[in-house]
Enquirer: 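Mind looking over this structure? Questions follow.
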Amino acid sequence: MDQAQRKYRLPGRGTSSNRPGRFEPLTVSAVADGWAGDDDPLPVLRTQVSVEIPRSVISYNQSPDLPFDRSINPYRGCEHGCVYCFARPSHAYLGLSPGLDFETRLIARPEAPEVLKRELAAKKYQVAPIAIGTNTDPYQPIEKEHRIMRALLEVLSDANHPVAIVTKGSLIERDIDILSDMAARGLCRVGVSVTTLDATLSRLMEPRVPAPKRRLQVIERLAEAGIPVRVMASPMVPALTDPELEAILEAGRDAGAVAASWIMLRLPREVSPLMQEWLAVHYPDRAGRIMARLREMHGGKEYDANWHTRMRGEGPYAEMIGQRFKLAVKRLGLDTLLPPMRCDLFRPPKRASAQLDLFGD
């Protein structure tokens, strides 16, 4: 039992570990001194949110295996608490743990919409679709209070700027008014991640994410509003959730999805020990088989970050899942390529001018 477990109760958390990140020189361990009684009630570990004032919000990448070259993260960390989240290691750059800190010590960026407006207004800016939700979920629970994502969408909509959103959160329904209007102009599409259709398994793996049935309702409501939706069977956990692949795709299609994708479970850096701890607690009978399959797909390693293979792995098992996906989307009519989002409508925001201040009302 680690330090965080001794100090707090952890209902609704994806992991119980809070080991320091890879950049921290010291590790702190709790040692029982005999003073605290075993029956003393422990407080619940609550979410803490701090504020960051960003100098820029658009992050650029040159990854050849990604369909976008820029993205925005309204938040750092994610309260959804998905134990498998490949973004957990990013918290180490903040001096925080990729474990419990990632899902309980969050950072909001309330000035992001104004910074985005400034970046879009720059003369050198060249328009291309912006991805949101590719690292941490923009519709995690704290968005209900902070409303940063909605403000970002307002900026993008006013500028006729295309956006692709990935989420597990039902809060996206709040913004259907903006998203449907953008979709009508060819400026928006959404991917909804459905990891499993088993509500019990979902609650264990992704404790603060809406239930699978609720996410299918999100797909339905977005589709009814004319927003193109992709069902994302991601991540597929070998020997645990991959038997559900076809069922997930069919449920997504029935809810109104017009496209589909899949990604294999990825365990970079600190995610691997967290996932292995979780498997040992919840699925000890399958833990060895799951990890063996992952190593088979990554040349004997738990994860390999090579371009083009990091998302799906290599070898017979990965090829089998890929073939099953290919056959399923063809059968379900989910293999149609969506038209590219429009970039020709972009209208840069007006840049603030101090000269105009000389002329009062």
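Residues: numbered from 1 along the sequence shown.
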Enquirer: State the CG-CG distance between L116 and L120, to the nearest 0.5 angstrom.
Expert: 4.0 Å
Enquirer: Work out which heavy atom in V271 is nearest to a heavy atom in P89; give both atom names and the distance.
Expert: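 Closest heavy-atom pair between V271 and P89: CG2-CD, 3.5 Å.
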Enquirer: Would you please say whether a donor-acceptor pair under 3.5 Å links the side chains of D101 and N18?
Expert: yes
Enquirer: Same cluster or not: are M182 and I219 linked, directly or through other Ile, Leu, Val, Met, Phe, Trp or Tyr residues, by side-chain heavy atoms under 4.5 angstrom apart?
Expert: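 Linked within one cluster.
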Enquirer: Quick one: do M311 and Y303 end up in the same hydrophobic cluster if we chain Ile, Leu, Val, Met, Phe, Trp and Tyr together by side-chain heavy atoms under 4.5 Å apart?
Expert: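 No, because M311 and Y303 fall into different hydrophobic clusters, even though each may have its own neighbours under 4.5 Å.
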Enquirer: Evaluate the side-chain proximity of P210 to V218: yes if any heavy-atom separation is below 4.5 Å, no if none is.
Expert: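 Of all side-chain heavy-atom pairs linking P210 with V218, none is under 4.5 Å.
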Enquirer: Could you give the distance from OG (S180) to CD (E224), rounded to the nearest 0.5 Å?
Expert: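 Nearest 0.5 Å value for the OG-CD distance: 12.0 Å.
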Enquirer: Pick one: which of E79, E103, H80 meets side-chain hydrogen bond (donor to acceptor under 3.5 Å, both in side chains) with R208?
Expert: E79
Enquirer: Is there a continuous path of hydrophobic side-chain contacts, each under 4.5 Å between heavy atoms, that joins I227 to L338?
Expert: no
Enquirer: Does M236 share a hydrophobic cluster with F86, counting links as ILVMFWY side-chain heavy atoms below 4.5 Å and allowing steps through other members?
Expert: no
Enquirer: So, does Q140 use its side chain to make a donor-acceptor pair with the main chain of G77 at under 3.5 Å?
Expert: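 Side chain of Q140 to backbone of G77: a pair is present.
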Enquirer: Checking side chain to side chain donor-acceptor pair (under 3.5 Å) for the pair Y75/D137: CA distance, chi angles, key distance, verdict?
Expert: CA-CA 8 Å; Y75 303 98; D137 201 313; over 6 Å; no
Enquirer: So R150 and E154, salt bridge (charged side-chain N to carboxylate O under 4.0 Å, His left out) or not? Walk me through it.
Expert: CA-CA 6 Å; R150 183 170 179 88; E154 289 170 346; 3.8 Å; yes
Enquirer: Can you name the nearest heavy-atom pair linking A159 to F346, along with the distance?
Expert: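 Heavy atoms of A159 and F346 come nearest at O-CD1, 3.2 Å.
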Enquirer: For G81 versus P207, what's the shortest heavy-atom pair and its separation?
Expert: O-CD, 3.3 Å
Enquirer: Counting neighbours of CZ on R174 that are heavy atoms of other residues, nucleotides or ligands and sit closer than 6.0 Å, is the number greater than 12?
Expert: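 Yes, CZ of R174 has more than 12 neighbouring heavy atoms, counting only those of other groups under 6.0 Å.
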Enquirer: Could you check whether any side-chain N or O of R221 sits under 3.5 Å from a backbone N or O of L216, counting only pairs where one atom can act as donor and the other as acceptor?
Expert: no
Enquirer: For V229 and V192, what are the C-alpha separation, side-chain angles and deciding distance, and is it a side chain to side chain contact (heavy atoms under 4.5 Å, CB included)?
Expert: CA-CA 7 Å; V229 186; V192 176; 4.0 Å; yes
Enquirer: Got I290 and V237 here, is their nearest side-chain heavy-atom distance under 4.5 Å?
Expert: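 Sidechains of V237 and I290: in contact.
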Enquirer: Mind running side chain to side chain contact (heavy atoms under 4.5 Å, CB included) on I165 and L179 for me, showing each step along the way?
Expert: CA-CA 10 Å; I165 301 167; L179 296 173; 3.6 Å; yes
Enquirer: Would you check if L240 and L265 make a side-chain contact, meaning some heavy-atom pair closer than 4.5 Å?
Expert: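 No; the side chains remain at least 4.5 Å from each other.
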Enquirer: Does the pair E52 and R76 meet the rule for a salt bridge (charged side-chain N to carboxylate O under 4.0 Å, His left out), with working shown?
Expert: CA-CA 9 Å; E52 172 188 285; R76 300 188 190 276; 2.8 Å; yes
Enquirer: How far does CG of L106 sit from OG1 of T47, to the nearest 0.5 angstrom?
Expert: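 If I round to the nearest 0.5 Å, the distance is 5.5 Å.
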Enquirer: Yes or no on salt bridge (charged side-chain N to carboxylate O under 4.0 Å, His left out) for R310 and D65, after CA distance, side-chain angles and deciding distance?
Expert: CA-CA 9 Å; R310 57 180 179 158; D65 58 350; 2.7 Å; yes
Enquirer: Where do P129 and C343 come nearest, in terms of heavy atoms and distance?
Expert: CD-SG, 3.9 Å
Enquirer: Mark yes or no for whether R289, through its side chain, and A239, through its backbone, hold a donor-acceptor pair below 3.5 Å.
Expert: no
Enquirer: Any side-chain heavy atom of L197 sitting closer than 4.5 Å to one from S202?
Expert: no
Enquirer: What is the distance from atom OH of Y84 to atom CZ of R266, rounded to the nearest 0.5 Å?
Expert: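 Between Y84 OH and R266 CZ, I get 13.0 Å after rounding to 0.5 Å.
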Enquirer: Flag the pair K326 and E319 as a salt bridge only when some basic side-chain nitrogen lies within less than 4.0 angstrom of an acidic carboxylate oxygen.
Expert: no
Enquirer: Regarding E206 and R215, does a basic nitrogen lie under 4.0 Å from an acidic carboxylate oxygen?
Expert: yes
Enquirer: Does either side chain, that of R118 or that of S56, offer a donor lying less than 3.5 Å from an acceptor on the other one?
Expert: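 The criterion, which ignores hydrogens and geometry beyond distance, is not satisfied for S56 and R118.
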Enquirer: Do R185 and N160 have side-chain atoms, one donor and one acceptor, less than 3.5 Å apart?
Expert: yes
Enquirer: Does the ring of F102 carry R88 above it, NZ/CZ under 6.0 angstrom from centre and within 45° of its axis?
Expert: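 So R88 doesn't make the cation-pi contact.
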Enquirer: Can you measure from CG (D175) to CG (D181) and round to the nearest 0.5 angstrom?
Expert: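 Those atoms lie 12.5 Å apart.
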Enquirer: So, for V209 and R203, which heavy atoms are closest and what is the spacing to 0.1 Å?
Expert: O-NH1, 3.3 Å
Enquirer: State whether the side chain of T15 and the backbone N or O of L100 hold a donor-acceptor pair below 3.5 Å, judged by distance alone.
Expert: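 The answer is no, because no donor-acceptor pair under 3.5 Å joins these two groups.
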Enquirer: Hydrophobic cluster membership, with links at side-chain heavy-atom distances under 4.5 Å among I/L/V/M/F/W/Y: are I53 and I72 in one?
Expert: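 I53 and I72: separate clusters.
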Enquirer: For residues P113 and I148, determine if any side-chain heavy atom of one lies less than 4.5 Å from a side-chain heavy atom of the other.
Expert: yes
Enquirer: Taking all non-hydrogen atoms of both residues into account, name the closest pair between G226 and P228 and its distance.
Expert: O-CD, 3.6 Å
Enquirer: Any non-hydrogen side-chain atom of W262 less than 4.5 Å from a side-chain atom of R312?
Expert: yes
Enquirer: Take S90 and N135 through the test side chain to side chain contact (heavy atoms under 4.5 Å, CB included) and record every step on the way to the result.
Expert: CA-CA 9 Å; S90 63; N135 195 56; 3.9 Å; yes
Enquirer: Describe, in one word, how the ring planes of Y125 and H161 are oriented to each other, choosing from parallel (under 30°), tilted (30 to 60°) and perpendicular (over 60°).
Expert: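 Rings of Y125 and H161: tilted, as their planes differ by 30° to 60°.
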Enquirer: Strictly distance-based, threshold 3.5 Å: is any side-chain N or O of N61 a donor or acceptor partner for the main-chain N or O of F68?
Expert: yes
Enquirer: Can you list the steps and then say if M341 with L187 is a side chain to side chain contact (heavy atoms under 4.5 Å, CB included)?
Expert: CA-CA 5 Å; M341 289 185 287; L187 298 174; 5.8 Å; no
Enquirer: Strictly distance-based, threshold 3.5 Å: is any side-chain N or O of W278 a donor or acceptor partner for the main-chain N or O of L204?
Expert: yes
Enquirer: In sequence, state the C-alpha distance, the side-chain angles, and the governing distance for E277 and R19, and then conclude on salt bridge (charged side-chain N to carboxylate O under 4.0 Å, His left out).
Expert: CA-CA 12 Å; E277 288 175 357; R19 295 189 187 93; 2.3 Å; yes
Enquirer: Tell me yes or no: between the side chains of E302 and Q276, is some donor less than 3.5 Å from an acceptor?
Expert: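 Checked: E302/Q276 side chains pair up, N/O donor to acceptor below 3.5 Å.
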Enquirer: Do T241 and L201 touch side chain to side chain, with heavy atoms closer than 4.5 Å?
Expert: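 Yes, close enough: below the 4.5 Å cut-off.
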Enquirer: Does some side-chain heavy atom of M291 sit less than 4.5 Å from a side-chain heavy atom of L267?
Expert: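 Touching, per the 4.5 Å side-chain cut-off.
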Enquirer: State whether a side-chain donor-acceptor pair under 3.5 Å links Q48 with T104.
Expert: no
Enquirer: As an exercise, state the distance from CZ of R105 to CG of L94, rounded to the nearest 0.5 Å.
Expert: 10.0 Å
